[in-house]
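Every chain is numbered from 1 and lettered A, B, ... according to where its sequence line falls, protein lines coming before strand lines. What you are looking at is a predicted structure, and each value in this text was computed from that prediction instead of being measured.
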There are 2 protein chains.
Amino acid sequence: MSASTPRRTGTRAAETAARKARLIDAALGLAAEGGYDAVQMRDVAARADVALGTLYRHFSSKDQLLLAALLDQAATLRDNLERRPPAGATPAERVADVLRRASRALERDPRVTGALVTALFVNDAAAAPIKAGVREHLMAMLGTALDGADVDDLEGVVDVLGHTWISTMAFWSSGLGDGVSMSTRLERAAHLLLD
Amino acid sequence: MSASTPRRTGTRAAETAARKARLIDAALGLAAEGGYDAVQMRDVAARADVALGTLYRHFSSKDQLLLAALLDQAATLRDNLERRPPAGATPAERVADVLRRASRALERDPRVTGALVTALFVNDAAAAPIKAGVREHLMAMLGTALDGADVDDLEGVVDVLGHTWISTMAFWSSGLGDGVSMSTRLERAAHLLLD
DNA sequence: CGCAGACCTGCAACAGGTTCTAGGTCTGAC
DNA sequence: GTCAGACCTAGAACCTGTTGCAGGTCTGCG
């Protein structure tokens with residue numbers, strides 16, 4: 001993909017990529033305004049100045065669209081954590097730091113979080129790969145924070161923490177969080193597993 | 001509600017209750033055949049020999065219907081556990097027993113489980129009470145099994161186990177279980193938290 | 001009796017996710 | 001130059017959850 005000079009940037013491929021980004025932006029914008037239900041495919045397409053058919057060319061369903069947005073966010077979060085690693089002397093503290101930073105981002109905008117988490121739990125075989133990708137990001141973040149912990153079953157701890165994290169998000173965004181911040185709840189879990 | 005003798009059983013009230021039960025049965029039957037998508041409201045109504053409007057009189061949405069079915073199943077499971085308490089000398093073993101018995105029931109019919117779990121994670125404020133009820137059942141089962149455990153934060157352990165359980169079900173029914181049985185995975189979690 | 005209210009049926013209609021069709025433009029290969 | 005294929009638009013059409021309406025039946029109460 002380099003032999004023939006691809007002319008200049010801003011050609012076809014770049015335009016399509018831009019369109020795709022616009023679509024995700026539009027979806028996030030609508031989600032911010034009214035949550036999952038407000039993300040209507042016709043509106044997403046209109047807001048991104050794209051035909052409905054084109055939206056479906058890029059994302060095979062509403063949930064795939066939201067999952068793509070979620071994957072983006074997870075990847076961004078992971079990048080941030082790599083750029084500025086979690087602080088804390090002990091593994092438990094570093095895990096708490098990761099969870100605190102993540103929760104802050106998520107709680108900032110409950111509607112968006114709710115929409116994305118809803119998509120994460122949708123019943124659709126085609127969504128499995130993206131779900132796996134999201135989980136992979138979360139696990140990697142926890143794994144980094146736990147680096148050097150002296151537990152027998154590191155993988156098991158990451159697994160349990162990951163499940164607790166995800167399920168906590170789901171219940172929290174359903175309004176079943178009992179008002180407790182996600183990070184508080186999750187730090188307790190980390191404490192139980194690591195001390 | 002007792003002054004005037006209510007005539008004999010089998011009157012109006014009993015009929016409506018029977019109709020409601022038929023509706024849940026129909027939903028479970030369709031779910032067994034094709035999962036969440038196969039549970040179509042018109043079909044549920046037809047299979048239960050009931051008008052569509054009547055279905056909506058009893059269950060305000062498809063997800064409420066499936067959640068009612070889920071609540072039933074959870075209550076049944078809990079009853080069974082009370083009738084025949086979890087076996088095991090240590091709390092960890094009893095928890096493992098609970099999870100094993102529950103998982104056996106769930107894995108017997110993946111399509112049904114998938115449909116019910118999907119409903120559990122749906123984005124709908126009206127569903128919150130039933131979700132809370134389901135969680136309450138799960139927590140109670142774990143609490144019973146953990147009776148007498150000597151951990152500092154019993155409530156915290158139950159919370160983490162509950163989240164792990166629910167999230168494991170969700171991923172498992174999306175086909176992301178990596179082929180490992182749910183109970184295996186969950187027993188490891190219990191081990192980590194209790195030993 | 002006669003009426004209100006609860007519950008049921010059958011069916012039309014609406015809403016939003018998804019699919020399909022018909023037709024445009026651009027790009028790279030022969 | 002021209003043909004195939006990728007990608008886009010506009011819009012109709014379809015499917016299924018959900019709502020609304022116009023009646024029916026039964027029950028309890030005055």
Side-chain angles (χ1 to χ4, degrees), chain A residues 1-23 26-27 30-31 34-67 115 118-119 122-127, chain B residues 1-23 26-27 30-31 34-67 115 118-119 122-127:
Chain A
M1 62 173 86
S2 61
S4 59
T5 42
R7 201 75 64 91
R8 64 202 133 136
T9 56
T11 359
R12 270 290 145 281
E15 277 176 36
T16 12
R19 235 182 295 258
K20 211 164 163 174
R22 276 213 310 283
L23 286 167
L30 289 167
Y36 186 83
D37 289 340
V39 182
Q40 304 197 352
M41 298 302 266
R42 291 169 175 87
D43 293 349
V44 172
R47 183 180 283 219
D49 252 310
V50 147
L52 187 57
T54 305
L55 170 50
Y56 274 95
R57 170 180 300 278
H58 289 295
F59 305 98
S60 59
S61 76
K62 169 171 176 173
D63 294 304
Q64 294 273 339
L65 169 61
L66 289 171
L67 282 172
T118 296
V122 93
N123 189 322
D124 173 12
Chain B
M1 62 176 89
S2 60
S4 59
T5 41
R7 202 77 65 92
R8 64 201 137 136
T9 57
T11 359
R12 270 289 144 283
E15 277 176 36
T16 26
R19 236 183 295 259
K20 211 164 164 177
R22 276 212 311 281
L23 285 167
L30 289 167
Y36 186 83
D37 289 340
V39 181
Q40 305 199 351
M41 297 303 266
R42 290 170 176 84
D43 292 349
V44 171
R47 183 179 285 219
D49 251 309
V50 147
L52 187 57
T54 305
L55 170 50
Y56 274 95
R57 172 180 301 277
H58 288 296
F59 305 98
S60 60
S61 76
K62 168 172 175 171
D63 294 305
Q64 294 273 339
L65 168 62
L66 289 171
L67 282 172
T118 296
V122 93
N123 188 326
D124 174 11

TODO: Would you please say whether a donor-acceptor pair under 3.5 Å links the side chains of A:Y36 and B:D124?
DONE: no
- [ ] To the nearest Å, give me how far apart CG (B:L66) and C1' (D:dG17) are.
- [x] 12 Å
Open item on the list: Side chain of B:T16, heavy atoms from C-beta onward: which of C:dT18, C:dC7, D:dT18 has the nearest atom to it?
Closed with: C:dC7
Open item on the list: Rounded to whole Å, please give me the gap between CG in B:L52 and P in D:dG20.
Closed with: 13 Å
TODO: Provide, to the nearest angstrom, the distance between the CD atom belonging to B:Q64 and the P atom belonging to D:dG17.
DONE: 15 Å
Task: Donor-acceptor contact present, side-chain A:K20 to main-chain A:H58, <3.5 Å - done: no
Open item on the list: As an exercise, state the distance from CG of B:L65 to NZ of B:K62, rounded to the nearest 0.5 Å.
Closed with: 9.0 Å
Open item on the list: When you measure only distances, ignoring hydrogens and angles, does the side chain of B:R57 come within 3.5 Å of the base of C:dT9 through a donor and an acceptor?
Closed with: no
Task: Selection from C:dT18, C:dT9, D:dC7 that lies nearest to any side-chain heavy atom of B:V50 - done: C:dT9
Open item on the list: For C:dC7 and B:T54 - does any side-chain N or O of the residue sit under 4.0 Å from the phosphate oxygens OP1/OP2?
Closed with: no
Task: N/O (side chain, B:R42) to phosphate O (OP1/OP2, D:dT16) under 4.0 Å - done: no
Open item on the list: Within the structure provided, determine whether A:L30 and A:Q40 are in side-chain contact (heavy-atom separation under 4.5 Å).
Closed with: no
- [ ] Choose from C:dG17, C:dT9, D:dT18 the nucleotide whose nearest atom is closest to any side-chain atom of B:A51.
- [x] C:dT9
Open item on the list: Mind checking if B:V39 touches a base, just sugar-phosphate, or nothing, with heavy atoms under 4.0 Å?
Closed with: sugar-phosphate
TODO: Would you tell me if any nitrogen or oxygen in the side chain of A:H58 comes within less than 4.0 Å of OP1 or OP2 on D:dC7?
DONE: no
TODO: In whole angstrom, give the distance that lies between atom NZ of A:K62 and atom P of C:dT18.
DONE: 8 Å
Open item on the list: Under 4.0 Å, heavy atoms only, any strand: does A:D49 hit a base, just the sugar-phosphate, or nothing?
Closed with: sugar-phosphate
Task: From C:dT18, D:dT19, D:dC8, nucleotide with atom closest to A:R19 side chain - done: D:dC8
Task: Nearest-Å distance for atom pair CD/P, residues A:E15 and D:dA6 - done: 18 Å
Open item on the list: Expressed as a whole number of angstroms, how long is the span from B:D43:CG to D:dT16:C1'?
Closed with: 10 Å
Open item on the list: Return the CG to CE distance between B:L55 and B:M41, rounded to the nearest 0.5 Å.
Closed with: 4.0 Å
TODO: Return the value, rounded to whole Å, for the distance between atom CZ of A:F59 and atom C1' of D:dC7.
DONE: 15 Å
TODO: Send over the distance from A:Y56 OH to D:dT9 P, rounded to a whole Å.
DONE: 15 Å
